[in-house]
Visitor: 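Just passing along the structure, written as structure tokens.
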Amino acid sequence: MIAAALLAVLAAVCNAATSVLQRRAARPLPQELGLRFGLIRALIGNPLWRWGIVAMIGGFLFQAAALSKGGIALVQPALVIELPFTMIIMSWAFGTVLDGRSWLAIGALSAGLAMFLAAAVPGPGRWSPDAAEWIIAAAATSATIAALVTVGAMTRGPIRAATLGVAAGIGFAFTATLIKKCTMILADDPRALPVSWPLYAMLAAGLCSLFLLQNALHSGTLVVAQPALTISDPLAGILYGALMYGEPIRAGPWLVMEAAGAGLLVYGVIVLTRSPLIQDQSAAPSARK
């Protein structure tokens with residue numbers, strides 16, 4: 001469990017670098033590119049976005065290593081620590097100092113995550129999903145994401161950013177379930193992985209989630225997009241872990257401590273994304289001096 005958590009933290013550092021780099025690359029592009037593959041073509045030409053992809057690959061490798069040692073219900077919530085790292089990297093990159101409220105929010109987020117994991121003690125999975133469970137999970141996930149994308153396509157600004165952020169978070173959580181399956185296949189028979197369907201399903205789900213993430217970052221400010229992504233990913237991950245892999249979460253009186261930890265975590269995420277640093281970097285280039 002400790003090794004999985006540490007690897008998840010390293011994945012979070014890489015993801016934080018990805019968020020900063022890709023946000024800076026996506027923000028100046030015209031809104032007309034939203035929900036079009038032309039957005040990806042425009043981003044590929046930006047060196048910052050390409051470095052963001054390198055960081056994303058590093059995050060993927062660390063996440064896969066974490067999932068090989070721990071459950072989805074442990075690893076996905078631990079990735080929430082990405083947001084404080086994002087703030088710290090942004091402060092270094094732009095030569096600014098985090099204000100006291102931001103540090104308080106980082107402390108609240110970290111304490112909430114620690115409290116939740118200490119109370120829940122997510123255990124290893126007790127089974128592997130069969131074909132029927134994969135079909136049901138894929139259908140439910142696709143329908144949910146399709147509904148969110150439909151709402152996003154019909155709106156603009158904060159609502160689009162929020163709905164696409166939630167869709168991306170769910171997509172990345174489902175991708176984690178496929179990464180978990182791939183690590184199990186790899187451990188059992190490495191030669192079977194290249195010809196197994198979970199590998200290609202994982203790649204497809206990851207690319208679709210990446211597309212949704214780029215559109216969420218492009219559609220609105222980090223104040224809206226980041227909390228939607230940061231909160232939906234671990235919540236969906238816990239649900240997938242419990243239903244698909246039978247990963248146990250403590251119930252009973254522990255639910256009070258889990259709820260308190262989750263509340264602190266959400267509070268920390270919301271306060272952090274409203275910090276002066278995020279607000280300044282979310283502003284349109286013409287609005288900055």
Visitor: Search all heavy atoms of Ala66 against all heavy atoms of Ala4 and return the closest pair with its distance.
Guide: CB-O, 3.5 Å

Visitor: Is there a donor-acceptor pair under 3.5 Å between the side chain of Gln214 and the backbone N or O of Phe211?
Guide: no

Visitor: Roughly how far apart are Ser91 OG and Asp99 CG, rounded to 0.5 Å?
Guide: 11.0 Å

Visitor: For a 4.5 angstrom cut-off between non-hydrogen side-chain atoms, does Cys14 reach Met56?
Guide: no

Visitor: Going by salt bridge (Lys or Arg N to Asp or Glu O under 4.0 Å), name the residues that satisfy it together with Asp189, two or more places apart in sequence or in a different chain.
Guide: Arg191

Visitor: Mind checking the CD-CD1 spacing from Gln63 to Ile179? Nearest 0.5 Å is all I need.
Guide: 4.0 Å

Visitor: Got a second to check how far Ile44's CD1 is from Trp49's CH2, nearest 0.5 Å?
Guide: 5.0 Å

Visitor: Considering all heavy atoms of both residues, which atom of Pro234 and which atom of Val80 are nearest to each other, and what is their separation?
Guide: CG-CG2, 3.5 Å

Visitor: Taking Ser196 for its side chain and Leu193 for its backbone only, find out whether a donor-acceptor pair lies under 3.5 Å.
Guide: yes

Visitor: Might you confirm whether atom CZ of Arg101 has over 12 heavy atoms from other residues, nucleotides or ligands at distances under 6.0 Å?
Guide: no

Visitor: If hydrophobic clusters are built by linking Ile, Leu, Val, Met, Phe, Trp and Tyr wherever their side-chain heavy atoms come under 4.5 Å apart, do Ile53 and Leu21 end up in the same one?
Guide: no

Visitor: Can you find a pair of side-chain heavy atoms, one from Asn46 and one from Arg50, that are under 4.5 Å apart?
Guide: no

Visitor: Should Ile88 and Leu6 be regarded as members of a common hydrophobic cluster, given that ILVMFWY residues are connected when their side-chain heavy atoms come within less than 4.5 Å of each other, either directly or indirectly?
Guide: no

Visitor: What pair of heavy atoms forms the shortest contact from Tyr267 to Ala108, and how long is it?
Guide: CD2-CB, 3.9 Å

Visitor: Where is the tightest heavy-atom contact between Pro198 and Ile185, given as atom of each residue plus distance?
Guide: CG-CD1, 3.8 Å

Visitor: Once you round to the nearest 0.5 Å, how far does CD1 of Ile81 lie from CD1 of Ile106?
Guide: 8.5 Å

Visitor: Can you confirm whether Val195 sits close enough to Tyr200 that some side-chain heavy atom of one is under 4.5 Å from a side-chain heavy atom of the other?
Guide: no

Visitor: Nearest heavy-atom pair of Gly165 and Ala216: which atoms, and what distance?
Guide: N-CB, 3.6 Å

Visitor: Are the side chains of Thr175 and Met202 in touch, meaning some heavy atoms are under 4.5 Å apart?
Guide: yes

Visitor: With heavy-atom distances below 4.5 Å as the criterion, would you say the side chains of Leu229 and Leu213 are in contact?
Guide: yes

Visitor: Would you check, one step at a time, whether the test side-chain contact (heavy atoms from CB on, under 4.5 Å) holds for Phe174 with Asp233?
Guide: CA-CA 9 Å; Phe174 185 67; Asp233 188 349; over 6 Å; no

Visitor: Sort and list the pairs that fulfil salt bridge (charged side-chain N to carboxylate O under 4.0 Å, His left out) and have at least one residue in residues 244-266, not counting sequence neighbours.
Guide: none

Visitor: Taking all heavy atoms of Met257 and all of Ala118, pick out the closest pair and write down the distance.
Guide: CE-CB, 4.4 Å

Visitor: Measuring from Ser232:OG to Leu239:CG, what's the distance to the nearest 0.5 Å?
Guide: 12.5 Å

Visitor: Can you check whether Thr177 reaches Tyr245 side chain to side chain, under 4.5 Å on heavy atoms?
Guide: yes

Visitor: Taking side chain as C-beta onward, heavy atoms only, is Val75 less than 4.5 Å from Lys69?
Guide: no

Visitor: Just so I know, are the side chains of Trp134 and Lys181 near enough to count as touching, which here means a heavy-atom distance under 4.5 Å?
Guide: yes

Visitor: The test is side-chain contact (heavy atoms from CB on, under 4.5 Å); show your working for Val20 and Phe85 and say whether it passes.
Guide: CA-CA 10 Å; Val20 174; Phe85 283 123; over 6 Å; no

Visitor: Under a 4.5 Å side-chain heavy-atom rule over Ile, Leu, Val, Met, Phe, Trp and Tyr, are Trp254 and Leu264 clustered together?
Guide: yes

Visitor: Determine, using the 4.5 Å side-chain heavy-atom cutoff (strictly less than), whether Leu10 and Phe60 are members of one ILVMFWY cluster.
Guide: no

Visitor: Donor-acceptor check, side chain of Lys180 to backbone of Leu67, threshold 3.5 angstrom: yes or no?
Guide: yes

Visitor: How long is the straight-line distance from CG of Leu212 back to CG of Leu148, given to the nearest 0.5 Å?
Guide: 9.0 Å

Visitor: When you look at Thr18 and Asn15, which way does the side-chain hydrogen bond (donor to acceptor under 3.5 Å, both in side chains) test go after all the steps?
Guide: CA-CA 5 Å; Thr18 299; Asn15 291 342; 4.8 Å; no

Visitor: Would you kindly confirm whether Leu79 and Val121 end up in one hydrophobic cluster when ILVMFWY residues are joined by side chain heavy atoms under 4.5 Å apart?
Guide: no

Visitor: Using atom types as modelled and distance alone, determine if a side-chain donor or acceptor of Ser110 lies under 3.5 Å from a backbone N or O of Gly107.
Guide: no

Visitor: Checking side-chain contact (heavy atoms from CB on, under 4.5 Å) for the pair Leu104/Val271: CA distance, chi angles, key distance, verdict?
Guide: CA-CA 9 Å; Leu104 178 63; Val271 172; over 6 Å; no

Visitor: Check whether more than 12 heavy atoms from other residues, nucleotides or ligands sit under 6.0 Å from atom CH2 of Trp51, and answer yes or no.
Guide: no

Visitor: Name the atoms and distances for all side-chain donor-acceptor pairs under 3.5 Å in residues 135-145, with sequence neighbours left out.
Guide:
residue: Thr141; atom: OG1; partner: Ala137; partner atom: O; Å: 2.7
residue: Thr141; atom: OG1; partner: Tyr240; partner atom: OH; Å: 2.5
residue: Ser142; atom: OG; partner: Ala138; partner atom: O; Å: 2.8
residue: Thr144; atom: OG1; partner: Ala140; partner atom: O; Å: 2.8

